[in-house]
Student: 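Sharing a structure with you now.
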Amino acid sequence: MKAYLQPRLREAVQALGVAGDVDILLELPRNPEHGDLSTNLAMALARELKMAPRSVAEKLIAQLRVDPELVPKIDIAGPGFINFAFSPKFFHERLAALAAEKPERLGASTTGQGKRVNVEYVSANPTGLLHLGHGRNSAVGDTVANILEWNGYEVEREYYFNNAGNQMKKLTDSTYARYHQLLGEEDYPFPEDGYHGDYIKEIASEIERSYGNALLDHSEESEARVRACAEEWCFSRIVDTMKRLGIKHTMFVNEQHLHRDGFVTAALERLRDAGYIYEKDDATWFAAEKLGLDKDRVLIKSSGEPTYRLPDIAYHIDKLERGFDWIIDVLGSDHAATVPDVIKACEVLGYDVSKITPLIHQFVTLTDGGKQVKMSKRNAKVHTIDDLIEEAGADIVRYFFLMRNNSTQFEFDLALARDQTEKNPVLYLQYAHARVASLQGKAAEQGLTIGADIDWSQLTHDREMTLIKELLRFRETIIKGSETLEPVVICDYLRDVASAFHKFYHDCQIISAEPRELAEARLALARLTQIVMKNGLTILGISAPESM
RNA sequence: GCGCCCGUAGCUCAGCUGGAUAGAGCAACAGACUUCUAAUCUGUCGGUCAAAGGUUCGAAUCCUUUCGGGCGUACCA
């Protein structure tokens, strides 16, 4: 509907002699009496044209060229809204066009065609298992990548991890301590700020199995081996968890590579040449204040080690150099503070930082039937993603991380996630898909199949029209997803489709409908619904079961 | 202290560049299965949009202040 009206409205606006580009907002009126689509365009233009909104609306309508058979009713209402009502013919035509698309890509858009985008997500350091905090990042990042792919973008799905800094040292020291303790030195001191989780003990015993006591000498070689074992152990667990959640990557970049291949020192030298580096208290500083940021930051500690900020800058330079049209960093709010420094540093080196979009999501709190589940780092009683998957299943876990706006801090309710009944919003969606599968089976048994020529005009029932309108919104929803980078847009849409379908299914007999053309059209409508649900769920990374 | 996110129905959340009677799900209550899966559908109940000012023809939406919550504010990542 929007695709039909938007360009025609644009022409009408130009005909009125309005200079420049005007954003034309078309929205679905809440009240169905207000038609199928509504715009506040006249009110938006009123100021510029110095006319009353309602007379602007009249002039616009006079200039608007639409086919009256498709848009039979255009009204001016309230303070100056223009409401459009489309004809059944319009919807039937669009529906036929939608049905003609290839099922596997039905709904896909081409708005990103020819553009390369890099989406970085998860990016957990290999120092432990994925927990609640990573879950949202993973699900959001992967889904955003999916959405962009469905918009025609060529997507690099990237995972960046720090395996050179302080955290890895802590991991090594912690593992060493457990290793010593395991081999009889019960009093061997555990590092104060080490990783307390039991998994460290597992790593230690694995090392013991492979190497016996051969690494206890703390030689450089032994330390490197312990470190590598720990990193590998953690990383393979992370990869496992991501696999279970359907999180995919096409590119892994690590900090060691940035050091080894000179990216880090190059970044530092370029910043120095640009005049934003100085030495103080034996440390090397980035003069961020000079660039309008709140304070200067240390890039190299007095110990000689870089802080995470420097490799981060080097990494972003690398991403910019790789020639993407768009770079999206999916970050938790706890990491948001470093973004301005990194961006500013790239900017002063002459890069076009408007290509970088930090996608920041808020935290998730875990509740169980209304009671908050406390997470204690000390006892390492963090809920891992694996735990959640075990309790609720991957589909539900993933959906729960996606069903809210990125900017809202929400509650992950374990009790609701565990609940495998009608209360669970995921099952509502999957059920719509499964219902059609079962319906098709039954129809085939009774000799009803979807022929090549569907008479869509058979569909006139209110429930049918509502469902049709929902299905026709699929593509614009996918586009909206790429504009907002909010997976929740897809979640909400699928719920609306599922709801419209369940209502249609409830009120309209399908297989036994008369005449046969109607039965066939209804079956075809159900089939289209199934495809939309399937593709939508695929974008979200959730399975679409044939039966439940 | 400062910066960012947030405060909307009993609960969890929507509400799109300010616009037409504030929405959904869950909970509560009342209904609908001899017929394509009732994991569904129908109806009822429920809100001074944290508070106070301001801008506007019009504010949940923009601005200011206050109160309340989260995250930052490291020579941790």
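In what follows, chains are A, B, ... by sequence order, proteins preceding strands, each numbered from 1.
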Student: Any side-chain N or O of A/Arg463 under 4.0 Å from OP1/OP2 of B/rU42?
Tutor: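 It does, given that an N or O in the side chain of A/Arg463 lies less than 4.0 Å from OP1 or OP2 of B/rU42.
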Student: Without placing hydrogens or testing angles, list every side-chain donor-acceptor pair under 3.5 Å for residues 495-503 of chain A, not counting sequence neighbours.
Tutor:
from     : atom 1 : to       : atom 2 : distance (Å)
A/Ser499 : OG     : A/Lys503 : NZ     : 3.4
A/His502 : ND1    : A/Arg435 : NH1    : 3.0
A/His502 : NE2    : A/Tyr428 : O      : 3.4

Student: Could you tell me whether the side chains of A/Tyr121 and A/Glu158 share a donor-acceptor contact shorter than 3.5 Å?
Tutor: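 Distance-only check fails for A/Tyr121 and A/Glu158.
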Student: Just wondering, do A/His335 and B/rA77 stack (centres under 5.5 Å, planes under 30°)?
Tutor: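 Taking the rule of under 5.5 Å and under 30°, the ring of A/His335 does not stack on B/rA77.
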Student: So, A/Thr284 versus A/Glu279: side-chain donor-acceptor pair below 3.5 Å or not?
Tutor: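 Result is yes, a qualifying pair exists.
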Student: Give one of base, sugar-phosphate or nothing for A/Asn405, where a contact means two heavy atoms less than 4.0 Å apart.
Tutor: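 If one applies the 4.0 Å heavy-atom cut-off, A/Asn405 turns out to touch the sugar-phosphate alone, with no base involved.
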Student: Tell me, what's RNA chain B's dot-bracket, Watson-Crick or G-U with both distances under 3.5 Å, | for other-strand, [ ] crossing?
Tutor: (((((((..((((.........)))).(((((.......))))).....(((((.......))))))))))))....
Student: For nucleotides B/rA77 and B/rU61, find the distance between their C1' atoms and express it as a whole number of Å.
Tutor: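 That atom pair is separated by 37 Å.
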Student: Does any donor atom in the side chain of A/Gln509 or A/Ser512 lie under 3.5 Å from an acceptor atom in the other side chain?
Tutor: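 Short answer, yes.
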Student: Mind checking the P distance from B/rA22 to B/rC13? Whole angstroms is fine.
Tutor: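 23 Å, rounded to whole Å.
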Student: Report the residue (A/Lys280 or A/Phe410) whose heavy-atom-nearest nucleotide on RNA chain B is the more 5′ of the two.
Tutor: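 Its nearest nucleotide being more 5', the pick is A/Phe410.
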Student: Once you apply a heavy-atom cut-off of 4.0 Å, does A/Asp496 come out as touching a base, just sugar-phosphate, or nothing?
Tutor: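 Here A/Asp496 touches no strand at all.
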Student: Do the side-chain N or O atoms of A/Tyr505 get closer than 4.0 angstrom to the phosphate oxygens (OP1, OP2) of B/rU37?
Tutor: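 Yes.
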Student: By nearest atom, which of the nucleotides B/rG72, B/rC36, B/rC26 is closest to the A/Ala337 side chain?
Tutor: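 The listed nucleotide nearest to A/Ala337's side chain is B/rG72.
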Student: Please tell me whether A/Asn405 and A/Ser407 have a donor and an acceptor in their side chains that are separated by less than 3.5 angstrom.
Tutor: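 Not at all, the side chains of A/Asn405 and A/Ser407 share no donor-acceptor pair under 3.5 Å.
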Student: Using a heavy-atom cut-off of 4.0 Å across all strands, would you classify A/Lys295 as base, sugar-phosphate, or nothing?
Tutor: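 Sugar-phosphate, backbone atoms only, no base.
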Student: If you assign A/Phe81 and A/Phe363 each to the RNA chain B nucleotide with the nearest heavy atom, which residue ends up on the more 5' nucleotide?
Tutor: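 Nearest nucleotide further toward 5': that of A/Phe81.
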